[in-house]
Amino acid sequence: MTMRQGAMLAALLTTGAGLWLAAALRLLPLADWPGLPMDPDAMTVDQILLAFGLMPRGAIALVAGAALGLAGAILQVVLRNPIADPTTLGISAGAQLALVLATILAPGLLDHGRGAVTLAGAALAAALVMAIGARRGFAPATVVIAGMLVGMTASAIATAVTLAQGHYLLSLVIWNGGALAQQDWGGVARLAGVLAVGAIASAALVRPLQVLSLGAESARGLGLNVALLRVMAIAVAVGLSAAVSAELGLIGFVGLAGPALARGFGARGTGALLAQSALAGAAVLSLCDGLVLALGDATGARFPTGAITGLVGGPLMLALLVRLRGSTPPGTEAADPPAPRSHRPRVILIALAALVTAGLVLLAWIGRVPGGWAVLDAESLAAFLPMRLPRLLAAASAGAALALAGAILQRLTANPLASPEVLGVSGGASLGYAAVVLAAAAPGQTARIAGAMAGAAVALTLVSAFVRRRDLPAERVLLAGIAVSALASSVLGAIMARGDARAFQILGWISGSSSAVTLPAALALAGIALSLFALAALAGRWLTLLPLGAGVAQGLGLGVTRARAALILLAGLATGAATIVVGPLSFVGLIAPHLARRSGLARPVQHLAGAALIGAALMLAADFGARMAGFPYELPLGLFASLIGAPWLIWMMMRMR
């Protein structure tokens, strides 16, 4: 590191320290600061707030930032992947899910602290992602796609389970935001101990990691046990990130920013990179927390620091995408052969339509009463139908719309893992919905739908524009969308952690529920889904040519830019309309198009129709599960949609070689 680069790093640390000092001086003049030893019995209230609140907060920002920066650097070196960190590999989300489940289902596990629980969750998530990565040669883009999708799944399930338990809602939501507020020095001491152990272990791994930097084959030729080294290095990174999650909640992307800054400051060699990444991580988190303190003092609004780091991490991840190397094209592996083509697609479509119709009739007719299951008689059916029919119709229509969006996106990107949830469309819809709720005093249903549709279209347009300017391959499209999703999640986390009435309205919508849908709204959603299908069917030629590549499509006379823009708008509108009912947690847009293609529906219009029908059937099943699993209480619709989607997603990733 040159003197200039060292000065830049020192400037970051000094800026963060300066913001903290300004907050401390606003609380208490320097002359009134308590001296050592700090005895609470001899202090004023402001002195206690400074000595046991603000001081440990400043210290834990430095310690946690250093731990996350070191963890990110270890992961990037051992995987040779410039965008690997505990967030992008799903490690932090695994810790979050484990803590949420333990808090709700087995609180006794937390009697001796949260460390063991978060470590178990983080380790399981890391093991799953590494298992997927190993099947595809640890290709950088593939590993990060697997990590982010596993992380999204874990976060979706954690959010849905949290929303199903109202008495745990507030504390878990605030914790998930990644707040650094402290009440004593205990957290600093625990995290500093973990960081010390991690630093010693990292120092012992420096030389083997330097050998691994030559490449896995070369390292094996020199006698290095590559598999064992990967396990040991990842274990150190998991331990560091799990300890931070246990103390502070979700602090995203610091492990990505730290090593990126260290390389920018001129770090050369594995040892220098690890050390400087820890310093840079401490500087980043301290600076972000200083900004949170300054904003809080200026506006009176308190935001979790984890939300601010997400605002930094999303754009940073986009900027680093062009540095990825050694990726493999999804969907072309030996274990993922070309989809079959049915000779009787009409029979399949008729059978799917009959299945959806039968599901609507059956689910409207049967019910659950305190004594068990019952088939409604004519009088009971007439009484319940006005309440039950709108929600069933809305769930089916939302599923169809999401599936249409997924089918369009998969054909547009020629990637079987593309979906509204993955490409940032659902995140954009969430932000659009939240913007309307926050901006208007009492927004109506039409305004909320319009906001969600606009947000979805804007998010997908941003992703497409970014990718088109850089001519990135298909798997980078997924990563760009995931970065946008992370950015949207951070903003929503900041909003929801405030805990006001509008935040809880947004939070309740994220869970997804069709219980409050009226018949006019359900009919309107069905009309939107049918209209979007008709428009997409008219674009069947575009959906046939675009997967062949821009050059081939242009050679055949297709205006690629215009066609892409129109299809992006259709997918955004479909997602925005559907998320109003089911929320952004569903993976129907990923599953339904894939099932339709595997059923032999290969032509565009057949594929769209089959995906819409399968999506409708999946959401009917999710709605039925949400109503009946917790009878007489209703559980979030998004929980069941996620539980359907998560195993499917993991299975898809595991079967690719």
inquiry  = Just so I know, are the side chains of Arg220 and Leu224 near enough to count as touching, which here means a heavy-atom distance under 4.5 Å?
reply    = no
Cation-pi geometry met for Arg57 and Phe52 (6.0 Å, 45°) = no
query = Taking Gln76 for the side chain and Ala73 for the main chain, is one N or O donor matched with an acceptor at less than 3.5 Å?
reply = no
task = Starting at OG of Ser245, measure out to CG of Leu97 and round the result to the nearest 0.5 Å.
result = 12.0 Å
task = Might you point out which heavy atoms bring Gly65 and Val254 nearest each other, and give the distance in Å?
result = O-CG1, 3.9 Å
key: Verdict with supporting geometry, Leu222 and Leu214, side chain to side chain contact (heavy atoms under 4.5 Å, CB included)   = CA-CA 10 Å; Leu222 294 173; Leu214 302 174; 3.9 Å; yes
request  = Taking all non-hydrogen atoms of both residues into account, name the closest pair between Ala233 and Val78 and its distance.
outcome  = CB-CG2, 3.8 Å
key: Heavy-atom side-chain contact between Leu79 and Met130 under 4.5 Å   = yes
ask   = Does any non-hydrogen side-chain atom of Phe253 lie less than 4.5 Å from one of Val284?
value = no
note = In this structure, OG of Ser277 is separated from CZ of Arg263 (nearest 0.5 Å) by 6.5 Å
inquiry  = Is any side-chain heavy atom of Leu62 closer than 4.5 Å to one of Leu285?
reply    = no
query = Between CD of Gln96 and CD1 of Ile91, what distance do you get to the nearest 0.5 Å?
reply = 14.0 Å
remark   = Ala51 and Trp185 have their tightest heavy-atom pair at O-NE1, 3.0 Å
query = Looking at OG1 of Thr305 and CG of Leu287, how far apart are the two atoms once the value is rounded to the nearest 0.5 Å?
reply = 11.0 Å
ask   = In Å, rounded to the nearest 0.5 Å, how long is the span from CG of Leu240 to CD1 of Ile74?
value = 6.0 Å
request  = Drop me the distance from Trp33's CH2 to Leu28's CG, to the nearest 0.5 angstrom.
outcome  = 8.0 Å
query = Is the side chain of Trp20 donor-acceptor paired with the backbone N or O of Leu54 at a distance under 3.5 Å, no angle test?
reply = yes
query = Is it true that a side-chain atom of Asp85 and a backbone atom of Gly72 form a donor plus acceptor pair closer than 3.5 Å?
reply = no
ask   = Counting distance only, does the side-chain N/O of Thr118 pair as donor-acceptor with the main-chain N or O of Gly115 below 3.5 Å?
value = yes
key: Heavy-atom closest contact (Gly198 atom, Val236 atom, distance)   = O-CG1, 4.1 Å
message = Taking side-chain contact (heavy atoms from CB on, under 4.5 Å) as the criterion, tell me which of Thr270, Val226, Val77 meets it with Leu212.
response = Val226
task = Would you indicate whether Gln210, at its atom CD, is surrounded by more than 12 heavy atoms from other residues, nucleotides or ligands within a distance under 6.0 Å?
result = yes
request  = Spell out, as yes or no, whether a donor-acceptor pair under 3.5 Å connects the side chain of Ser241 to the backbone of Val238.
outcome  = yes
Atom of Ala267, atom of Gln276 and distance for their closest heavy-atom approach = CB-OE1, 3.4 Å
Over all atoms of both residues, closest heavy-atom pair of Val129 and Gly147 = CG2-CA, 3.6 Å
